Structure formats: C-alpha cells, structure tokens
Amino acid sequence: MSEAAKHPDTVRLQNMGRAFIGSASLFAAIDLELFTFVDQGENTHEKFAQRAGISITNAERLMTMCAASGLLVWTGDRYANAPDVDRFLVKGKSTYAAPWLTFTRPGWDRWKNLTSILRSTEPAVVVPDLSAMTVDAARRYHTATASVGFGSGRRFARTVDLSGRKKLLDIGGGSGAYSIVAVQNTPGLNAVVFDIPPVVVVTAEFIDQHDVTDRVTTLAGDFTADPFPGHIDVAVMASNLPMYNREIIAAVVRKTFHSLVPGGEMHLIGEMLDDDRSGPADAALWGLMEALSNSTGIAHTRSECMGYFEAAGFIDVAAHDFISNVLVRVVGHKPR
C-alpha cells in the first residue's frame with residue numbers, strides 16, 4: 001500500500017470544494033474574450049488588460065488562473081492558448097463551442113441550494129414539462145447544443161454504416177444535427193426529426209441552413225406519448241437519456257421497436273454509467289442535474305440500457321463507446 005493510501009490528505013476534497021472557482025474563472029475568461037484576444041496577439045497581462053478594459057492586476061490574476069488550469073500556456077514572456085482552447089474557445093472559428101460550454105451556467109444559483117432541493121418532498125414530475133417552451137427559448141437552447149451536436153452527428157456518420165437505409169427517425173432530434181449529417185453522407189437516405197412543436201420550428205431553420213430540405217423533414221410531437229411514423233428502418237435517440245426514468249426509456253425503446261421495419265436498427269446515444277456505477281462523472285452529473293427540475297430522470301447504466309433493448313425484442317444488442325467517458329451508443333436490430 002502506498003504512503004498516500006495509508007495517510008490520505010484533504011487535497012482531493014479541497015479541490016472538489018473549490019471547483020466552482022474554476023468554473024467562474026472559465027466563464028469570466030469567455031465573457032472577457034480572453035482566448036480570442038490571446039489568439040489575436042493580445043497575449044500579455046498589459047495587452048489583454050487594455051483590450052478587455054480591466055486592470056493589469058486583474059488581467060494577471062485571471063491569466064495566471066487560466067494557465068494553472070491548463071487553459072493557457074506560458075511560453076516565457078507571453079501566453080498561448082492550449083490546443084482544445086484554441087479549437088473551441090476562439091470566436092470566429094467554426095468550432096467555437098462557448099455557447100455549449102456555458103449551457104449549465106444559468107443553473108449556478110440553484111446548485112448552491114442542492115441540499116434543500118434534495119430534501120424536498122414535492123412530488124416529482126414524471127415527464128419534463130416542456131409546454132412553456134417558446135420558439136425563442138428553443139432557438140437559444142439548440143444553438144448552444146448544435147455547437148457540439150454536429151460534431152457528434154459527424155462521428156455517428158463515420159462510425160455507423162447506414163448504407164442501404166432509406167428512412168431515419170431522429171427521436172427528440174433538436175437541431176437535427178444527426179439527421180442532417182446522416183443524409184449528407186448517405187445516398188438514398190431521408191430523415192424525419194421528431195420533437196415538440198417549438199423545437200421543430202428551429203429544426204427547420206437548421207435544415208434550411210444546410211440545404212437538405214428535400215431530404216430532412218420534421219414532425220411535431222411528444223416522443224414519450226405520441227405515435228411514431230411508419231416505414232422507419234433506422235432510428236436514433238441522442239443526448240436526452242438522463243431526463244427520463246427507466247420506465248419511460250424502456251417504453252420509448254419498445255415503441256421504436258414496433259415502428260421499425262423488420263431488419264431495422266435503433267441507436268440510443270447518451271451519458272451512461274459503467275455497470276459498477278463508479279462513473280463516468282458526466283453521466284452522474286446529468287442524472288443529479290434532474291433534481292434541479294424535480295423530474296424523475298436518472299443516470300442509466302450500460303447494462304440497463306441494453307436491457308431495455310432486449311426486453312423490447314431487439315437482437316444483437318451491444319454497447320459501444322461513442323465519446324470516451326462522455327457518451328455511449330447502444331444498438332439493437334429488429335429481427336427480420
């Protein structure tokens with residue numbers, strides 16, 4: 001046994017207790033466009049301070065914190081962006097993902113009250129209440145998620161062979177990223193994005209932007225309650241898994257099974273726990289986040305998700321890493 005194991009210290013616990021400071025630093029750097037300015041050559045305390053309109057002392061404080069967090073690299077007399085920061089946090093680049101990275105920021109004030117939220121005896125909402133969502137709210141949400149959604153859509157198109165498939169059902173498809181990229185990469189494939197009424201208005205805007213209006217359509221509805229269209233030979237449900245409890249996900253998988261033609265396939269992509277429930281942290285985080293909205297949503301394990309497929313009648317059910325430590329893809333086929 002190592003000395004660290006024999007004599008544990010408080011460092012790990014201190015880091016967790018102060019983790020919110022790291023989040024605040026990242027958000028401030030994004031707000032002040034630090035990484036964009038560094039990319040443009042404003043890469044010293046003095047230059048950044050002048051560009052951002054803050055004091056040199058505060059510029060030094062923020063840049064030092066970002067360097068200690070691995071967001072910036074000190075090169076001897078100036079700073080440079082770390083590779084992932086250069087790709088995702090420099091304004092003007094097609095890969096700019098700040099809207100997604102700050103997506104959880106509005107919940108900041110609620111997280112500090114997590115203890116009282118967990119103690120609440122108010123009955124939980126079984127299905128998320130989306131009736132109040134407006135088109136503007138849907139547009140803000142899916143503009144944020146699209147910054148990473150299209151990357152996931154491209155990964156899906158690279159890793160899943162859709163050749164020969166004719167009609168894809170995108171369940172809760174939001175921006176339509178998976179459908180748009182799939183039809184762009186698969187001759188003969190058409191797709192329908194199924195989501196609630198305010199969302200499909202925004203979906204149609206993304207479809208038009210990507211010039212696939214002849215191959216991707218929308219259908220308004222609640223995928224937990226409304227029937228699916230027929231003649232589907234491939235279905236995908238991505239990145240809304242923790243919003244729902246076991247019974248609802250199992251029911252959606254069953255409904256998808258019945259809507260597929262014989263030989264069709266379903267892909268469930270989401271944040272899933274390892275079967276020993278020790279992680280990944282991302283799955284646990286999204287599951288815990290459901291407490292903030294008082295839903296019955298939870299983090300599901302890989303084996304639970306595979307079980308939903310097997311109980312519905314799917315065969316050749318398998319789980320694959322989709323994005324390591326973030327997303328898992330479970331796939332199953334309907335017997336011919």
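Being a predicted model, the structure only gives us computed values, none of them experimental. Values below: all heavy atoms of this structure, side chains included; hydrogens, waters and symmetry mates excluded.
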Discussion item. When you group the ILVMFWY residues by side-chain heavy-atom contacts below 4.5 Å and let the links chain together, are Ile171 and Phe156 in the same group?
Written reply: no
Worksheet item: Is there side-chain contact between Asp86 and Lys93, with heavy atoms separated by less than 4.5 Å?
Response: yes
Worksheet item: Between Phe206 and Phe150, how do the two ring planes meet: parallel, tilted or perpendicular, split at 30° and 60°?
Response: tilted
Worksheet entry | Residues Arg302 and Asp321 bridged, charged N to O under 4.0 Å | yes
Worksheet item: Would you say the side-chain atoms of Arg61 and Asn58 include a donor-acceptor pair closer than 3.5 Å?
Response: yes
Worksheet entry | Stepwise side-chain contact (heavy atoms from CB on, under 4.5 Å) check, Val234 with His267 | CA-CA 8 Å; Val234 57; His267 301 265; 4.0 Å; yes
Worksheet item: Any chain of hydrophobic side-chain contacts (each under 4.5 Å) joining Val236 to Leu162?
Response: yes
Discussion item. How long is the straight-line distance from CG of Asn190 back to CG of Leu168, given to the nearest 0.5 Å?
Written reply: 10.0 Å
Worksheet entry | Backbone N/O of Val11 and side chain of Asp9: donor-acceptor pair under 3.5 Å | yes
Worksheet item: Counting N and O atoms only, with roles assigned by atom type, does the side chain of Asp233 sit under 3.5 Å from a partner on the main chain of Lys167, one being a donor and the other an acceptor?
Response: yes
Discussion item. My understanding is that only one of Leu34, Leu89, Val85, Val90 makes a side chain to side chain contact (heavy atoms under 4.5 Å, CB included) with Asp39; could you say which?
Written reply: Val90
Item to complete: Please report the C-alpha distance between His300 and Tyr244 in whole Å, then the side-chain angles of each, then the deciding distance to 0.1 Å, and finally whether the side chain to side chain donor-acceptor pair (under 3.5 Å) criterion is met.
Response: CA-CA 9 Å; His300 304 252; Tyr244 302 94; over 6 Å; no
Fill in: Considering all heavy atoms, the nearest Asn294-Pro123 contact
ND2-O, 2.9 Å
Worksheet item: Between Arg155 and Ile323, is any pair of side-chain heavy atoms under 4.5 Å apart?
Response: yes
Discussion item. Please check: side-chain N/O of Ser239 versus main-chain N/O of Gly270, any donor-acceptor pairing under 3.5 Å?
Written reply: no
Worksheet item: How many angstroms lie between atom CG of Asn113 and atom OG of Ser120, to the nearest 0.5 angstrom?
Response: 12.0 Å
Discussion item. Restricting to non-hydrogen atoms, name the atom on Met65 and the atom on Gly22 that form the minimum distance, rounded to 0.1 Å.
Written reply: CE-CA, 4.1 Å
Worksheet item: Is there a donor-acceptor pair closer than 3.5 Å between any side-chain N or O of Asp275 and the backbone N or O of Ser303?
Response: yes
Worksheet entry | Spacing of Leu101 atom CG and Tyr96 atom OH [to the nearest 0.5 Å] | 9.0 Å
Practice prompt. Check for a donor-acceptor pair, side chain of Thr36 on one end and backbone N or O of Lys91 on the other, with a separation under 3.5 Å.
Written response: yes
Worksheet item: In terms of side-chain geometry, is the basic nitrogen of Asp84 or Arg87 positioned less than 4.0 Å from the acidic oxygen of its partner?
Response: no
Discussion item. Is any side-chain heavy atom of Asn81 closer than 4.5 Å to one of Leu72?
Written reply: yes
Worksheet item: How far apart are the closest heavy atoms of Met272 and Pro280, and which atoms are they?
Response: O-CD, 3.3 Å
Worksheet entry | Distance-minimising heavy-atom pair for Ala49 and Ala59 | CB-CB, 3.7 Å
Worksheet entry | Check: His210 and Val216 side chains under 4.5 Å, non-hydrogen atoms | no
Worksheet item: Rounded to the nearest 0.5 Å, how far does SG of Cys305 lie from CG of Leu273?
Response: 9.0 Å
Worksheet entry | Shared hydrophobic cluster for Trp111 and Ile298 (ILVMFWY, side-chain gaps under 4.5 Å) | no
Worksheet item: Donor-acceptor pair, Arg215 side chain versus Val183 backbone, under 3.5 Å?
Response: yes
Fill in: Within-4.5 Å side-chain heavy-atom neighbours: Thr159 and His320
no
Worksheet item: In Å and rounded to the nearest 0.5 Å, what is the CG to OG1 distance from Asp170 to Thr217?
Response: 10.5 Å
Worksheet entry | Side-chain H-bond candidate by donor/acceptor type, Ser163 with Asp161, under 3.5 Å | yes
Discussion item. Show, in sequence, the C-alpha distance, side-chain angles and deciding distance for Thr296 and Glu247, and conclude whether the side-chain contact (heavy atoms from CB on, under 4.5 Å) test is met.
Written reply: CA-CA 10 Å; Thr296 59; Glu247 293 74 22; over 6 Å; no
Worksheet item: Does Tyr308 belong to the same Ile/Leu/Val/Met/Phe/Trp/Tyr cluster as Phe228, with side-chain heavy atoms less than 4.5 Å apart forming each link?
Response: yes
Worksheet, complete the sentence: Interatomic distance, CZ@Phe48 vs CD1@Ile56, rounded to 0.5 Å, equals 12.0 Å
Worksheet item: Just by distance, do the side chain of Lys255 and the backbone of Phe223 share a donor-acceptor pair under 3.5 Å?
Response: yes
Worksheet item: Does the pair Trp74 and Tyr79 meet the rule for a side-chain contact (heavy atoms from CB on, under 4.5 Å), with working shown?
Response: CA-CA 5 Å; Trp74 179 249; Tyr79 292 97; 3.6 Å; yes
Fill in: Donor-acceptor pair between Glu60 and Thr64 side chains, under 3.5 angstrom
no
Discussion item. Run Arg78 and Lys47 through side-chain contact (heavy atoms from CB on, under 4.5 Å) and show every step you take.
Written reply: CA-CA 10 Å; Arg78 65 197 65 194; Lys47 289 180 178 179; 5.5 Å; no
Practice prompt. For Asp211, look at atom CG and say whether over 12 heavy atoms of other residues, nucleotides or ligands are found less than 6.0 Å away.
Written response: no
Discussion item. I'd like to know if Val160 and Ile180 are part of one continuous hydrophobic network [Ile/Leu/Val/Met/Phe/Trp/Tyr, side-chain heavy atoms within less than 4.5 Å].
Written reply: yes
Worksheet item: Just by modelled atom types, is the Glu290 backbone N or O under 3.5 Å from a matching donor or acceptor in the Ser293 side chain?
Response: yes
Discussion item. More than 12 heavy atoms of other residues, nucleotides or ligands under 6.0 Å from CD of Gln50: yes or no?
Written reply: no
Discussion item. Can you confirm whether Pro198 sits close enough to Thr134 that some side-chain heavy atom of one is under 4.5 Å from a side-chain heavy atom of the other?
Written reply: no
Item to complete: Kindly assign one of parallel, tilted or perpendicular to the pair Phe314 and Phe309, based on the angle between their ring planes and the thresholds 30° and 60°.
Response: tilted
Worksheet item: Short question: side chain of Asp195, backbone of Val200 - any donor-acceptor pair under 3.5 Å?
Response: no
Response to the item:
Of all heavy-atom pairs linking Cys66 and Phe35, the shortest is SG-CZ, 4.2 Å
Worksheet item: What are the two closest heavy atoms between Tyr178 and Ile269, and how far apart are they?
Response: CE2-CD1, 3.7 Å
